[in-house]
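Data block below; observations after.
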Amino acid sequence: MKTRRNFIKLSALGSAAFLTKSCFPSEKNTPSTTTSSKIVKPVVISTWNHGFQANEAAWKVLTTGGVSLDAVESGVRVTESDPNNMSVGLGGLPDRDGKVTLDACIMGSENNCGAVAFLQDIENPISVARKVMEKTKHVMLVGDGAKKFALDNGFKSTNLLTEKAKKAWEAWRIKSHYQPIINSENHDTIGMLALDNEGNLSGACTTSGMAYKLHGRVGDSPIIGAGLFVDNEVGAACATGVGEAVIRIAGSAIIVELMRNGMSPEAACKEAIHRIVKKHKDISGLQVGFIALNKNGEVGGYSVYKGFNYALYAHNKNKMVDAKHYKK
Ligand code: ASP
């Protein structure tokens, strides 16, 4: 039932009269009611250290008249094309059969979204996801179909398995034990959210997934509602970490709903993490991190274990922020 209190919260969130000045994380359960002169924009936030460099590219787009959708695509492409990054795109660690398989999705401010999963040999899956969104009536293409679509649309085939990643896989093969490692490059997706000068939100999420996964495994990252969700009336959220746990609680969609009902971005991320903890008997090795951004330019993040961080570009400054966490 919609109580008067909730109704006020919802109206406040959707109203231009509800304004706030700081974009920095606040743990309040309700949005700030202090009025000030401006919504913070533009803002871009992305997961992990690799987010810092990606934010630079996104910021350039946002501050030269570009829209949030172009910003998030340009931003995460930097990470995808970095051969030294072993958890996204080119140079990503392979699956147990030695194949680099990529997952990505993108979502804009008009509920427009596109995704690719289990895609091989294409360096920038985020741009293929955008093409799926813009050129087809579908949301997601996978595997050979996604690759054929990419090639038909001018993407070129590239060997994504670098020598460094191949060596790591060969070393892993000696024991062949699949084990997610907390805060390490055997995973670590880049998820990015942006609010542009027009006040519109977009998000992108791209990964090579859990290293040494079963061939054919797809995680949360290309799944709209799990790895990424954007509702331009409310806010946006994205995830990193053990994808199976994120899918089980519809992580990013839940965070947006919690923000719709009045929670701050950080409080919403914290509640989603608590749900993951509650739903899993054994959380050893189970790292998940969420970040969120609302319409007012406020941000937040939270993780199961200590060590998750995110890059935040706002007020003309790019900086790393350590997320709060459930467990040390
Ligand atoms: N969420 C990704 C997956 O499960 C991996 C990660 O972010 O660490 O494929």
Side-chain angles (χ1 to χ4, degrees), residues 45-51 54 76 79-80 82 85-89 91-96 99-107 115-120 125-126 129 140 142-143 146 160 165 168 172 178-193 203-229 237-255 269 272-273 276 279-280 283-292 301-311 323 325:
I45 175 172
S46 56
T47 55
W48 303 110
N49 288 330
H50 49 216
V76 303
T79 322
E80 288 180 337
D82 178 357
N85 181 302
M86 300 183 84
S87 54
V88 181
L93 288 168
D95 64 17
R96 61 177 306 137
K99 308 277 187 213
V100 180
T101 74
L102 305 179
D103 302 331
C105 72
I106 190 161
M107 189 162 191
V116 288
F118 191 48
L119 174 64
Q120 295 182 55
I126 199 67
M140 183 185 278
V142 308
L160 302 176
W172 173 83
Y178 176 75
Q179 180 63 53
I181 300 166
I182 296 173
N183 304 330
S184 97
E185 274 203 343
N186 91 337
H187 53 95
D188 288 2
T189 299
I190 181 153
M192 176 180 278
L193 311 169
C205 188
T206 176
T207 191
S208 52
M210 306 299 292
Y212 319 129
K213 61 197 173 184
L214 285 178
H215 188 62
R217 180 265 187 190
V218 171
D220 61 315
S221 306
I223 299 177
I224 298 294
L228 172 71
F229 197 66
C238 64
T240 176
V242 179
E244 287 75 5
V246 176
I247 294 170
R248 285 188 193 108
I249 65 148
S252 295
I254 281 296
I255 290 170
C269 292
I273 289 294
I276 286 179
K279 304 272 179 201
H280 290 81
I283 59 157
S284 49
L286 198 163
Q287 173 66 313
V288 170
F290 289 114
I291 55 172
Y302 214 86
S303 58
V304 177
Y305 287 95
K306 187 175 180 198
F308 171 54
N309 60 0
Y310 56 87
H325 46 272

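Counting convention: from 1, in listed order, for ligands and their atoms alike. Please read all numbers here as calculations on a predicted model, not as lab measurements.
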Requested in this report: Mark up the atoms of ligand 1 that fall under 4.0 Å of a heavy atom belonging to Ser221, in ascending order.
Outcome: 1 (N), 2 (C)
Query raised in the report: Would you say Thr207 has any N or O atom under 3.5 Å from an N or O of ligand 1, going by distance alone?
Result: no
Query raised in the report: Below 4.5 Å, heavy atoms only, C-beta onward: do Gln120 and Leu160 meet side chain to side chain?
Result: no
Report task. Examine distances only and state if a side-chain atom of Asp95 and a backbone atom of Val100 form a donor-acceptor pair shorter than 3.5 Å. Result -> no
Query - Contacting atoms of ligand 1, where contact means under 4.0 angstrom from a heavy atom of Gly209 - result: 9 (O)
Requested in this report: Any atoms of ligand 1 less than 4.0 Å from a non-hydrogen atom of Thr240? List them with their elements.
Outcome: 6 (C), 7 (O), 8 (O)
Query raised in the report: Looking only at N/O atoms, are Asp103 and ligand 1 under 3.5 Å apart anywhere?
Result: no
Query - Nearest atoms (heavy-atom pairs only) where Ala292 meets Leu193 - result: CA-CD1, 3.8 Å
Query raised in the report: For ligand 1, is there an atom lying under 4.0 Å from some heavy atom of Gln287?
Result: no
Requested in this report: Please confirm whether Glu244 comes within less than 3.5 Å of ligand 1 when only nitrogen or oxygen atoms on both sides are compared.
Outcome: no
Query raised in the report: Among Gly241, Pro222, Ala245, Gly243, which one has a heavy atom closest to atom 1 (N) of ligand 1?
Result: Gly241
**Report entry** Minimum heavy-atom distance Pro222-Cys105, with the two atoms named
**Finding:** O-CB, 3.6 Å
Query - Ligand-side contact atoms (ligand 1) for residue partner Asp220, heavy atom cut-off under 4.0 Å - result: 1 (N), 2 (C), 3 (C), 4 (O)
Query raised in the report: So, the side chain of Ser208 versus the backbone of Ser87: is there a donor-acceptor pair under 3.5 Å, distance only?
Result: yes
Query raised in the report: Which bit of Met210 is near ligand 1, meaning a heavy atom under 4.0 Å away: side chain, backbone, both or neither?
Result: both
Report task. Heavy atoms only: give me the nearest His215-Lys99 pair and the separation to one decimal. Result -> CE1-CG, 3.8 Å
Query - Ionic contact status for Glu244 with Arg217, cut-off 4.0 Å - result: yes
